[in-house]
Amino acid sequence: NCHVYRKSSAGAAGGASDELSSEEIENNRSAGRRFGVRTVQFSPRDGCTLASGGEDTFVRLWNIATGEQLMQFGGHSDEVAAVSFSPGDGSKLSSVSLDQSARIWDVASGEELLRMEVGEREQGDCVELNYSVCFSPDGSKLLTSEWEKARGGSIAVWDAASGELLLRKGGCVGPAVFTPDGSMFAACVKSKGVCMWEVGSYEAVATKCFLSPRDEVRKYVVYLSQMAFSADGSQLVTVRRSLQLCLFDTTNCRLLTDFGEGVGAEDRTLRPSAVAFAPTGGLLAVKFLVIVGGRLSHQEIRFFRTVPS
């Protein structure tokens, strides 16, 4: 349930002066301008409610059967980068924005329950911002990450009831996710690889670290764009900004498979860009960008049987 967004532009981090009023948004709509949707997630409660966020700074709830907008959450002053429902009944919704804040909303009333500052960057001081946000499986904690290609960033764990900051660690270069049982969380740390920490012992050194042979040779870790755990937590798949996909056994940190761009006939290149495990396990879906003659031709989703741990 971790959702990630990346934006490349100078001065991406916005401030209060960048906030769009409802009147400005409606005027832009009347003029024919469309606002891009950057992130979506289904509610776990009914599967018919969809949350979205994007360029107009609002978070919205939709009835996918009718197309009706059910609720609008206003408060962010820049693009909404990622959203995540609380597990179970989906009664809460978290969002993270390029205004460097994360918020938790009451889905029923639309009330903003909590606001947390996830970044510490000066306005105009960012070139390529990335964000992720997700609830722990029991809904008691919120995990956020913000990072920039040039200088990295940080991961943070928050108490989802009080907004108290439980942990902030620097050196993050990718999204952060909880294990399915919520006992640990994982993130990519510069020069160390993908690391896992036990929830409740945040001050301890990471208990597990994963490095592919390519990382060990290079002596540094490239930036992650996606990561996901299998349903039982026994396997972890990562997609790296170098277009390398790695599948690890989380029990012993063993690399199960490692492949990058696949070049086929007629200069046809497959670049992995997104991954997801099937809920029942044993099946991995990978979205590939198909490059022909140096240009994006189309996208493909392929399914793989994962190697038993």
Side-chain angles (χ1 to χ4, degrees), residues 1-9 11-16 18-22 24-26 28-29 33-64 66-87 90-119 121 126 128-135 139 142-148 153 156 158 160 163 174-177 225-226 274 276:
N1 290 331
C2 183
H3 292 254
V4 183
Y5 168 61
R6 174 170 61 88
K7 178 181 179 180
S8 300
S9 66
D18 297 324
E19 185 172 358
L20 299 174
S21 68
S22 297
E24 288 173 320
I25 290 170
E26 292 304 321
N28 282 324
R29 284 205 184 96
R33 179 181 176 188
R34 293 181 179 272
F35 289 92
V37 174
R38 302 304 186 189
T39 177
V40 294
Q41 189 186 27
F42 278 103
S43 167
R45 179 172 56 87
D46 54 16
C48 294
T49 302
L50 184 76
S52 70
E55 294 176 349
D56 66 359
T57 77
F58 289 105
V59 177
R60 291 181 167 86
L61 296 182
W62 305 88
N63 182 317
I64 62 168
T66 65
E68 176 189 4
Q69 179 178 303
L70 304 175
M71 186 78 69
Q72 176 177 291
F73 308 88
H76 285 298
S77 61
D78 207 331
E79 296 184 27
V80 177
V83 294
S84 178
F85 278 101
S86 59
S91 60
K92 295 179 181 179
L93 179 67
S94 63
S95 61
V96 65
S97 165
L98 270 67
D99 65 11
Q100 303 189 72
S101 74
R103 308 185 188 217
I104 297 180
W105 313 85
D106 182 89
V107 170
S109 67
E111 178 187 0
E112 181 183 307
L113 302 176
L114 292 171
R115 176 177 179 174
M116 295 143 286
E117 299 301 323
V118 300
R121 304 177 189 272
C126 305
E128 186 174 293
L129 281 172
N130 305 257
Y131 291 88
S132 72
V133 62
C134 60
F135 279 97
L142 192 71
L143 180 62
T144 64
S145 66
E146 58 87 22
W147 71 100
E148 182 190 2
W158 312 82
V177 293
S225 60
Q226 297 280 331

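Just so we're clear, the structure is a prediction, and the values are computed from it rather than from any experiment. Quick note: numbers below take in every heavy atom, side chains included, and nothing from hydrogens, waters or symmetry partners.
Judged by distance alone, with hydrogens and angles left aside, the side-chain atoms of S94 form a donor-acceptor pair with the main-chain N or O of S84 at under 3.5 Å. Side chain of E146 to main chain of Q100: no donor-acceptor pair is present (N/O by atom type, distance under 3.5 Å, no hydrogens or angles). Checked by atom type and distance alone, the side chain of D106 never pairs as donor or acceptor with a backbone atom of E111 at under 3.5 Å.
Using a 4.5 Å heavy-atom threshold, the side chains of L93 and L61 count as touching. Taking 4.5 Å as the limit, some side-chain heavy atom of I64 sits within range of a side-chain heavy atom of F42.
H76 and W105 have perpendicular rings, their planes meeting at more than 60° on a 0 to 90° scale where under 30° would count as parallel.
We find the SG-CG distance between C48 and D46 to be 5.0 Å, quoted to the nearest 0.5 Å. Atom-to-atom distance recorded for M71:CE and T49:OG1 is 10.5 Å, nearest 0.5 angstrom. Taking CG from L113 and CZ from R103, the interatomic distance works out to 12.0 Å, rounded to the nearest 0.5 Å. The distance from atom CG of N63 to atom CD of Q69, rounded to the nearest 0.5 Å, is 11.5 Å. The CH2 atom of W62 sits 8.5 Å away from atom CD of Q72, with the distance rounded to the nearest 0.5 Å.
Listed here is the closest heavy atom pair of V83 and V40: CG2-C, 4.2 Å. Closest approach of F85 and G90 over heavy atoms only: CD2-O, 3.7 Å. Closest approach of V177 to C134, counting heavy atoms only: CA-SG, 4.2 Å. Here the shortest heavy-atom pairing between P87 and G139 reads CG-N, 3.6 Å. Contact record, S86 with S91: OG-N, 3.4 Å, taken as the closest heavy-atom pair. Closest non-hydrogen pair, L114 versus G163, comes out as CD1-N, 3.5 Å.
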Original post:
Could you go step by step and tell me if K92 and F135 meet the side-chain contact (heavy atoms from CB on, under 4.5 Å) rule?
Top reply: CA-CA 10 Å; K92 295 179 181 179; F135 279 97; 4.3 Å; yes
**OP:** Let me see the working for M116 and L142 under side-chain contact (heavy atoms from CB on, under 4.5 Å), right down to the final yes or no.
**Re:** CA-CA 10 Å; M116 295 143 286; L142 192 71; 4.0 Å; yes
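Just one residue in the list T57, V59, D78 forms a side chain to side chain contact (heavy atoms under 4.5 Å, CB included) with S97, and that residue is D78.
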